[in-house]
> 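Below: one structure in structure tokens.
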Amino acid sequence: MSATATPHDGGQATGIDRIAQAFAANGKRAALMPYLMGGFPTLAESVRIGQACVHAGADMLELGVPYSDPLADGPVIHEAGTRALAGGATLMGVLEVARALTPSVPVVLMCYANMVLAPGADAFVERLVRSGASGLIVPDLPFEEAPEVLAACDARGLALVPLVAPTTPPERLARIGKRARGFLYTVSVVGTTGERAALADRFADVVARAKASTEVPVALGFGISTPEQALQAAQAGADGVIVGTRLVRAAGESDDPAAGVGEVVAELAAALL
Amino acid sequence: MSVGDTSQPTAGRGIEHRFGRYGGQYVPETLMPALAELEKAWTEAREDQGYRAELELLLRDFAGRPTPLYHAERFSERAGRPVYLKREDLNHTGSHKLNNALGQALLAKRMGKRRIIAETGAGQHGVATATVCALLDMECVIYMGTEDTRRQAPNVQRMELLGARVHAVDAGARTLKEATSAAIRDWVTNVGDTHYIIGSVVGPAPYPALVRDLQRVIGDEARAQMLEREGRLPARVVACVGGGSNALGIFTAFLEDERVDLVGVEAGGEGIDTERHGAPLTVGGRAGVLHGALSAVMQDEEGQIIEAHSISAGLDYPGTGPQHAFLRDSGRARYEAVTDRQALAAFREVSRLEGIIPALETAHALAWTLAQPDGELDLVCLSGRGDKDLAEVLAR
């Protein structure tokens, strides 16, 4: 992957390098990657939440861009995005949140396809790189539709992180795994984002399938909300654990969103030590 | 003509993923295998004698096809030229939607899926889907925005009477866009045992081609009927366009007849110079992704989808089918907008002129046709009947 490092940045670490580093040296059973919705409850509060995550032991951050039609998200994240948009959050505002956080932690942006394509893939990726972000996740851009965005990301050393699902057949999994950059986002359940009771008995199979398909780290997400589930994901062999809805809920329920989220992240981090 | 001809013209052709640059499959990975499965199932079913015979029998005996082609004499007098109406309002359940719902439900049965979900705006697709689910004894869940459950209340009652569960969707503008998003989320969650009967020529491939294939019966019948009645093709074919399934349904048979003018009529709402409309093809903005396909979409600078507005719930949608965007760019079809006010006037006028109460959606196509000073022989798709709209119209 180091072959994709770009010459123009004068030897500085690329986004792909930073992500690799976060997986390689985190001192935990698995890297912890909290998700936060940019602009929820406000842009300024998003920065504080991100910083609280880092202090509580986050190894990377997934930063969501609020979108009008988030098809992969369950009700909690959908509602947070709707409120962020109602509060005036824009892509440029969320990229400012990224800019504030990237000095201390690698940030991967989660953004729906239409917002990536609206300015054109190259222009979008250029803005993202300028914010200091390390990677990009586009939940409605499957393998077949990704070549243009992937080329734009590769040209700038930004990791285009693909998703695989429990429904993805083996042959397709291998093709996606081969083109994965940064890590392989492995969806643990059939469904949208959201908290779920106990599904850990299926983690081992899902992770094993993903790991066999790729050389990049495998991070498990969707439906992981408790320290127990985070530990079970790590025990199942996941290199990273992504927790979203639980934290967005904490941000919405707490009088001090940053403190509320930080508390949950600290518990998750402790479980992974 | 025989309804047995309906799927013939597509036989042997592939299923389009793209129409020019438009279309594609912009959906969560979880759905990709289901789309592949659906495409394979449709490729096989449309060539399968058993499937086709079953569909054709139901289209004839259950739906009542072929629907009549009606020479609307007083309307013609008013327009100053002969105007024919393709009477999809006389299709069972009162609109063209049943053609697609029947075909897809039979397909779902072949695929072994017993649970059906669908979105609906005006409620016509919801009613058609609830109807076929009753017929075929399948579980049925319909997603409908709460604003639409209000303004199309009779259709909610019909769906529930037919045994469907109607999920009122309270997000966003509480209309068709949010209902479609909710249906897609349901499908992402229950994809193993569920088939999503999308109601228009929208969504990820193979849906735009699949729904068009099932709706082209409208134009195949109308073309033959027109030749029989008038001995010539119409000069112009007019249909309303929300997602655009009745329009593609009637256009498809005429695509190769280059002298036939194809006109899609979108919802002009409060005017296309305002932001309160549902006319993405007419205003010609930047292409964008909505509900799994790249097409003409109403969006802002950053790519957020803008809420549409139309008095007609079925046209109150900020996107449109990708093949329409292609037909517009290629010049083969053109798209125009009619305002709420014009559609309401046509709704009342056609009721008195012809004794036909059209759906508010259809009233857009009728309004455009009435407003044209020129023309020699028009064919208008009367896509549905307007009983559902009475309360909304009479309240004004």
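By convention in this document, chain letters (A, B, ...) are assigned in the order of the sequence lines, proteins followed by strands, and residues within each chain are numbered from 1. Scope of the values below: all heavy atoms of this structure, side chains included, with no hydrogens, waters or symmetry mates.
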> Which answer fits B:Gln299, side chain, backbone, both or neither, if we ask what part of it has an atom under 4.5 Å from a heavy atom of chain A?
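Side chain only.
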> Examine whether an atom of B:Ile184 lies under 4.5 Å from a heavy atom of chain A, and if so say whether it belongs to the side chain, the backbone or both; otherwise answer neither.
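When you check distances to chain A, only side chain atoms of B:Ile184 fall under 4.5 Å.
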> For B:Arg286, which atoms come within 4.5 Å of any heavy atom of chain A: side chain, backbone, both, or neither?
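The answer is the side chain of B:Arg286.
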> Pick from A:Val190, A:Leu163, A:Ile176, A:Val138: which one has the most heavy-atom pairs with chain B under 4.5 Å?
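Winner by heavy-atom pair count: A:Val190.
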> Quick one: what part of A:Ala113 sits under 4.5 Å from any heavy atom of chain B, side chain, backbone, both or neither?
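Contact with chain B: side chain only.
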> Would you say the side chains of A:Thr168 and B:Glu29 form a donor-acceptor pair under 3.5 Å?
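Yes, a side-chain donor-acceptor pair sits under 3.5 Å.
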> Looking at A:Ile137, A:Leu36, A:Val161, which one forms a side chain to side chain contact (heavy atoms under 4.5 Å, CB included) with A:Glu62?
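Exactly one candidate clears the test, A:Ile137.
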> Side chain from CB out, backbone as N, CA, C, O: work out which of these in A:Pro142 comes under 4.5 Å of a heavy atom of chain B, or both, or neither.
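Both backbone and side chain of A:Pro142 come within 4.5 Å of chain B.
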> For B:Ala171, is it the side chain, the backbone, both or neither that has a heavy atom under 4.5 Å from a heavy atom of chain A?
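The side chain, not the backbone.
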> With under 30° as parallel and over 60° as perpendicular, where do the rings of A:Tyr112 and A:Tyr67 fit, or are they tilted in between?
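It falls in the parallel class, under 30°.
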> In Å and rounded to the nearest 0.5 Å, what is the OG1 to CG distance from A:Thr192 to A:Asp73?
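If we round to the nearest 0.5 Å, A:Thr192:OG1 and A:Asp73:CG are 7.5 Å apart.
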> Going by atom types alone, do B:Glu147 and B:Thr175 pair a side-chain donor with an acceptor below 3.5 Å?
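Note: B:Glu147 and B:Thr175 side chains miss the donor-acceptor criterion.
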> Side-chain contact, heavy-atom cut-off 4.5 Å: A:Asp140 with A:Leu71?
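SC-SC contact between A:Asp140 and A:Leu71 ruled out.
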> Which answer fits B:Leu290, side chain, backbone, both or neither, if we ask what part of it has an atom under 4.5 Å from a heavy atom of chain A?
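Answer is side chain: those atoms of B:Leu290 sit under 4.5 Å from chain A.
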> Quick one: which of A:His78, A:Glu79, A:Met92 has the most heavy-atom pairs under 4.5 Å with chain B, could you say?
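Counting heavy-atom pairs under 4.5 Å, the top option is A:His78.
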> Anything under 30° is parallel, anything over 60° is perpendicular, the rest tilted; go ahead and classify B:Tyr317 against B:His291.
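Rings of B:Tyr317 and B:His291: parallel, under 30°.
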> Considering only heavy atoms, which portion of A:Pro70 lies under 4.5 Å from any heavy atom of chain B: side chain, backbone, both, or neither?
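Contact with chain B involves both backbone and side-chain atoms of A:Pro70.
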